[in-house]
Every structure is written in C-alpha cells, then in structure tokens.
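Below you'll find the structure, written out as structure tokens, and then a few comments.
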Protein chains: 2
Amino acid sequence: MKQERQLDEVDRRILSALQVDGSISHQDLAERVGASSASCWRRIKALEAAGILTGTVRLVDPAQVGRGVNVLCNIRMRSHALDARSAFERFVDDRPEIVECFSMSGEWDYLMRVVVADVADYNRFLMQILLGHASVAGAASHFALSMTKYTTAIPL
Amino acid sequence: MKQERQLDEVDRRILSALQVDGSISHQDLAERVGASSASCWRRIKALEAAGILTGTVRLVDPAQVGRGVNVLCNIRMRSHALDARSAFERFVDDRPEIVECFSMSGEWDYLMRVVVADVADYNRFLMQILLGHASVAGAASHFALSMTKYTTAIPL
DNA sequence: CATGAAAGCCATGGTAA
DNA sequence: TTACCATGGCTTTCATG
C-alpha cells in the first residue's frame, strides 16, 4: 500500500500554492503560507522525498497550437488477457494525442481523452491508428463541444 | 478566432521540453533544443506573450493525498437555457473535486472527472452535492479502476 | 525537535557588445 | 550568438521556543 503521510495545515497550504503556481519563490511562498523560507524549503524537500510532490510542468494552451478539439473515447477490448491489456496500455502510452486513459468498470474497458486538431484529424486517428490496433474490438467516440473546466490541482 | 502563431522547430522543442520539465534552466534548455540561452529566453517570452505558454504548476500524486479514485460522470441537464448552463458551470468551477468538465455532444450534456477518496466519498458528492443542484436532471457515474495514462503535455 | 532568523555562496536571469 | 555582470534565490548554519 501507499504510505499516506499525514499533512498538517502548512503542508496543505504549500501544496495548494505550488499546484497553482509552481514558479513561486520560496520566500514569497513562505509569507503566503505563514512560515519561514527555510521551513518551506525543508517541507518541500520532504514532500518530494515522500513522492507527494512530483514534477514541475509548464502548460500549453491546446487551442493555440492546433489541438483545440477534445474527444472522449470508450474502448472495448477483444481480449481481457493480461498481455493484451499491457500491449494496449503500451500503445496508449506511445500515442501523444492520447493524454489520459482510464481502465474502467462497467460496460467499457477503457475511457481515453484524445486531443486533435479537428474532426478530420480524429477520423484519421480513429480509423488508421486506434481501430488498427489488434486488441481493440470497438470504440465509441464523443466529441466535446467545449472544455468547461480543466485543472491539475488535486483538492486537499 | 484564436491567433495561431506559427511555431518553428525550435519553438516546438522548447514547448515540448517545458511541458515535461518546467523547472529546467534556460541554459540546460538551450543545449537541449540546440539554441543559445538568450534565444531561448526571448522565445519563451514571446510564447508567453502570445498566450501559448501559460502557467507553471507543480503536480501532486492524488493517491498520496487521499484522492486516489477517479469517477467519470455524465450529466443530463434539466434545462439547456443559457443561464442554467452558466450557473452549472460556475458550480463546477467552485467544486475542487471536479478537476475536468466538458460540454458534450451526444446524449449527455456534460462529462466530468471527479477525484475522490473512495466510494463512500463519491456517494456523498453525488447525493448531497451534484444531484442537489437545481440544474441537474440526472447523472451516470463510471468508476475508473486505474489511471493508465495521465499527461499535461499537448502534442506538437 | 522543528522552527525562525541570518548570511554566504552559487547559479541564474537579463543585458550588453 | 557569446560573454559578462549583478541580482536574488537556494542552502546551510546556528540559536531559540
């Protein structure tokens, strides 16, 4: 099982701040959370060591780089065998337009979010790439009309 | 319409690198993309000014902070009137456990991803919060068994 | 034992040529 | 593009509650 370190109020404030602005300096962070810069630094190190605080990433506006269309796609697998699943998951990992994928309970095996330029682009992905995969028995695609909310911040 | 600035190969390499590691120094970035540090700096400024490169965020492991369960939830609205929709979207924005929400084509009005601690936690969210909202006519919830892939990086 | 204050070092960003 | 300089943040030390 995963070790869930107990977080106090200051830890939570640090995480909340860093989830919104990862480029804040330790000193600015310090006064925002009500602690000293050194204390912040030590806590951040501990949170990183515990695997709670992971990477730092910069975000790109999808629409601005021609990836403004989101498609949510349900997948049904041909086989539920372990090797078929892991082959499929490796495939998913290799495809950069698939940005999220969940193994699902219920009638579908996977749900993935795919970012594409337009409908034609998705058609290409679906026909030539996804349905071309040996493990995939079927897919149901649902186009997003708009992205109402997107955050990387996990509530604490 | 959105102004899609044309990106050259170096821009794309910069964005790709920053989407994976937002804490890389300009100098390390420079040699990774094959340009000078000063050139990198100027390009980054321009990409920020154009709104292509947006925030810097630090990521938190959901499982480590007791938010290890993902639920994908389809919503049907009671009304499609503009004010009902915007009220609902404001509600979505206010709920931190809803990390993503898409306005959808097809039989459902919205699809959202909700991060919760466990099934009981989701039950509380569904019954007391989501279905308590005046605009919501119905919901269909699908639990993720595991998160196979999650990336914030948009392909370029 | 963790915190807060203080100081030095170093790397970084920013600017010049 | 290259080189430099100065700023300021990171990191350690030490005293304190």
Side-chain angles (χ1 to χ4, degrees), chain A residues 1-62 64-65 151-156, chain B residues 3-67 151-154 156:
Chain A
M1 282 282 89
K2 36 208 54 135
Q3 39 160 359
E4 284 190 20
R5 254 194 43 149
Q6 204 58 331
L7 306 174
D8 65 9
E9 189 54 35
V10 177
D11 283 330
R12 268 193 291 273
R13 276 202 283 260
I14 288 176
L15 291 176
S16 295
L18 290 178
Q19 281 193 113
V20 172
D21 180 4
S23 65
I24 190 174
S25 74
H26 288 173
Q27 318 186 23
D28 290 351
L29 181 63
E31 66 179 32
R32 278 196 53 183
V33 305
S36 75
S37 152
S39 178
C40 271
W41 179 80
R42 265 189 296 260
R43 284 169 181 270
I44 288 172
K45 284 292 168 201
L47 291 166
E48 287 170 345
I52 296 173
L53 199 49
T54 57
T56 303
V57 297
R58 297 218 53 177
L59 302 178
V60 166
D61 181 353
Q64 296 263 39
V65 295
T151 179
T152 56
I154 305 300
L156 305 166
Chain B
Q3 39 161 357
E4 284 190 18
R5 255 194 43 149
Q6 205 57 335
L7 306 173
D8 65 8
E9 190 54 36
V10 177
D11 283 330
R12 268 193 291 272
R13 278 202 283 261
I14 289 175
L15 291 176
S16 296
L18 290 179
Q19 282 193 113
V20 173
D21 180 5
S23 65
I24 189 173
S25 75
H26 289 171
Q27 318 186 26
D28 290 352
L29 180 63
E31 68 179 29
R32 279 196 53 183
V33 304
S36 74
S37 149
S39 175
C40 271
W41 180 78
R42 260 190 300 262
R43 285 169 180 271
I44 289 173
K45 283 292 168 202
L47 291 166
E48 287 169 344
I52 296 173
L53 198 49
T54 57
T56 303
V57 297
R58 296 218 53 174
L59 302 178
V60 166
D61 181 354
Q64 296 263 38
V65 294
R67 293 279 180 170
T151 180
T152 56
I154 305 300
L156 305 166

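Reckoned from all heavy atoms, side chains included, excluding hydrogens, waters and symmetry mates. Throughout, protein chains are lettered first and strands after them, A, B, ... in sequence-line order, and every chain is numbered starting at 1.
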Would you please confirm or rule out a distance under 4.0 Å between OP1 or OP2 of C:dA5 and any side-chain N or O of A:Ser36?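 Checking A:Ser36 against C:dA5: no side-chain N or O falls below 4.0 Å of OP1 or OP2.
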
Would you tabulate the side-chain donor-acceptor contacts of residues 26-42 of chain A under 3.5 Å, counting partners in other chains and residues two or more places apart, or write 'none'?
| unit_1 | atom_1 | unit_2 | atom_2 | d |
| --- | --- | --- | --- | --- |
| A:Ser36 | OG | A:Ser39 | N | 3.1 |

Whole-Å distance between D:dT11 C1' and A:Glu48 CD?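 From A:Glu48 CD to D:dT11 C1': 14 Å.
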
Roughly, in whole Å, what's the span from CG in A:Leu29 to C1' in D:dG8?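 Those two atoms, CG and C1', are 16 Å apart.
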
Tabulated below should be each protein N or O lying under 3.5 Å from an N or O of nucleotides 13-17 of chain C; please produce it.
| unit_1 | atom_1 | unit_2 | atom_2 | d |
| --- | --- | --- | --- | --- |
| C:dG13 | OP2 | B:His26 | N | 3.3 |
| C:dG14 | OP2 | B:Trp41 | NE1 | 2.5 |

B:Leu7 side chain reached by B:Ile52 side chain, heavy atoms, under 4.5 Å: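 Yes. Closest side-chain heavy atoms under 4.5 Å.
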
Is there a side-chain contact between A:Ile14 and A:Gln19 in this structure, where contact means two heavy atoms from C-beta onward sitting under 4.5 Å apart?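 No, side chains not in contact.
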
Would you compute the distance between atom CG of A:Leu53 and atom CD of A:Glu48 and round it to the nearest 0.5 angstrom?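 If I round to the nearest 0.5 Å, the distance is 5.5 Å.
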
Kindly compute the distance separating OG (B:Ser16) from CD1 (B:Ile154), expressed to the nearest 0.5 Å.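 If we round to the nearest 0.5 Å, B:Ser16:OG and B:Ile154:CD1 are 11.0 Å apart.
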
